[in-house]
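When a ligand or atom number is given, it counts from 1 through the structure's own listing order.
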Amino acid sequence: MPSRILVAGGAGFIGAHMCALLLERGDEVVCVDNLLTGSAGNVEPLTKRGLTFVEADVARHVPVQGRFDAVINLACPASPADFGPLALEILEVGSRGVANLLEVARASGARFLQASTSEVYGEPAVHPQPESYWGNVNPVGVRSVYDEAKRFGEALTMAYRRRYGLEVRLARIFNTYGPMMRPDDGRVVSNFVTQALKGEPLTVYGDGTQTRSLCYVEDEVRGLLALLDSGCTGPVNVGNDEELTMLELAEMTLELSGSSSPIEFRDRPADDPSQRRPDLTLASTVLGWEATTPVKEGLARTIAWFRGMV
Ligand code: UDP
């Protein structure tokens with residue numbers, strides 16, 4: 001049966017892919033976004049397919065009407081490059097924003113999915129990271145605005161479940177990449193791909209031995225929907241466990257784009273986690289979902305999309 005679903009942050013990178021997938025399966029979608037890091041261009045083609053777009057900051061109010069079957073909260077700037085300039089906005093949307101959206105869900109008796117993050121694990125002392133690991137976060141560092149906001153979001157979501165019996169889902173999203181990333185958002189895939197296509201040096205931070213595990217966005221949103229539709233509260237890691245160093249990623253980007261850009265080493269940002277890989281046992285056993293796009297294939301598709309952008 002089609003559902004009516006509110007997607008907060010639906011004009012953002014993951015949000016826009018989520019809205020597209022929901023429309024594809026026949027759901028009615030209302031997207032709310034303040035376009036701080038999202039883009040009207042991401043949702044404009046979806047309005048022609050029936051999506052309703054509401055421009056608003058969910059940290060202030062959520063001006064939507066009618067009942068919802070589900071509320072999916074993907075609203076938050078997520079690039080480490082934003083953690084300084086948008087520090088207060090991240091804390092606002094991660095606290096008041098989550099609370100306002102939980103209230104919308106409560107008014108409808110809707111299911112609520114909160115997008116949390118692998119950043120709750122901080123600089124992980126356990127590798128790969130299972131959901132049972134409580135993390136190692138610097139509570140006052142430059143990344144804390146994001147990490148602690150997301151940890152607070154998990155706590156608030158669980159408190160609503162305990163107090164009001166709200167049906168909630170917690171997803172811990174690992175590094176995600178693909179079409180519709182902002183070319184200048186400062187994250188590693190968008191940086192490397194735009195640099196390679198422009199013939200500029202690829203900026204590897206530190207010595208490039210730090211690792212990430214990259215999930216193609218179409219796999220990611222399918223995983224998030226599998227969690228929403230499941231009977232599992234979570235938290236559940238949603239990502240791909242194909243781990244590579246940032247130097248390997250730079251080399252793969254050069255190879256797939258055919259670029260002859262040099263690699264340049266820059267200072268490593270403070271508190272940059274040195275390794276990250278999801279333990280996906282829970283996702284595969286409870287959700288019956290796994291990422292199916294190898295990094296090489298997803299990166300090639302991403303490069304093809306960025307060619308039209310830069
Ligand atoms: N990084 C890099 N060059 C860049 C951007 C990022 O080497 O131009 C590194 C960064 O230091 C980190 C990894 O790539 O170790 C992933 O960074 P990103 O900002 O994409 O996300 P994070 O996983 O840190 O949230």
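- Taking distance alone, with nitrogen or oxygen atoms compared against 3.5 Å, Gln195 stays at or beyond that limit from ligand 1.
- Close approach of ligand 1 to Glu119 is summarised as follows: ligand atoms under 4.0 Å from at least one heavy atom of the residue are 25 (O).
- Shown in contact with Val204 at under 4.0 Å from a heavy atom are these atoms of ligand 1, numbered in order with element: 7 (O).
- Using 4.0 Å as the threshold, Ser79 has no heavy atom nearer than that to any atom of ligand 1.
- Here the heavy atom of the protein found nearest to atom 3 (N) of ligand 1 is Thr203 O, 2.6 Å.
- Looking at Val188 next to ligand 1, an N or O pair under 3.5 Å apart turns up.
- Considering both main-chain and side-chain atoms, Arg268 never comes within under 3.5 Å of ligand 1 through any nitrogen or oxygen pair.
- Using modelled atom types and a 3.5 Å distance limit, the side chains of Ser274 and Glu123 yield a donor-acceptor pair.
- Using cut-offs of 30° and 60° for the angle between ring planes, the Tyr146 and Phe83 rings count as parallel.
- Neither side chain, Ser213 nor Asn240, offers a donor N or O lying under 3.5 Å from an acceptor on the other.
- A donor-acceptor pair is defined here as one N or O able to donate and one able to accept, closer than 3.5 Å; such a pair exists between the side chain of Asn42 and the backbone of Ala11.
- Nearest non-hydrogen protein atom to atom 21 (O) of ligand 1 is Asn175 ND2, 3.6 Å.
- Ligand 1 is approached by Arg276 to a heavy-atom distance shorter than 4.0 Å.
- For atom 12 (C) of ligand 1, the nearest protein heavy atom (residue, atom name, distance) is Asp272 OD1, 3.2 Å.
- A donor-acceptor pair shorter than 3.5 Å can be found between the side chains of Glu243 and Thr211.
- Among protein heavy atoms, the minimum distance from atom 13 (C) of ligand 1 is reached at Met246 SD, 3.7 Å.
- In terms of protein heavy-atom proximity, atom 23 (O) of ligand 1 is nearest to Arg212 NE, 2.6 Å.
- For Gln210 (side chain) and Tyr205 (main-chain N/O), a donor-acceptor pair under 3.5 Å exists by modelled atom type.
- Given atom 8 (O) of ligand 1, the protein heavy atom at minimum distance is Asn191 ND2, 2.8 Å.
- For Arg266, the closest heavy-atom approach to ligand 1 does not fall below 4.0 Å.
- A salt bridge links Arg25 and Asp229; the closest N-O separation between the charged side-chain nitrogens and carboxylate oxygens is under 4.0 Å.
- Between Phe112 and Tyr160, the ring centre distance reaches or exceeds 6.0 Å.
- Remark: the backbone N or O of Ser118 is not paired with any side-chain donor or acceptor of Lys150 at under 3.5 angstrom.
- A distance of 6.0 Å separates CD in Gln129 from NE2 in His127, rounded to the nearest 0.5 Å.
- Scanning the protein for heavy atoms near atom 24 (O) of ligand 1, the closest one is Arg143 NH2, 2.9 Å.
- Of all atoms in ligand 1, numbered sequentially from 1 with element shown, those under 4.0 Å from a heavy atom of Arg187 are 19 (O), 20 (O).
- Comparing Phe83, Tyr146, Tyr177, Tyr205 against atom 7 (O) of ligand 1, the shortest heavy-atom distance belongs to Tyr205.
- At a cut-off of 3.5 Å, with distance as the only test, a side-chain donor of Ser116 or Glu154 sits close to an acceptor on the other residue.
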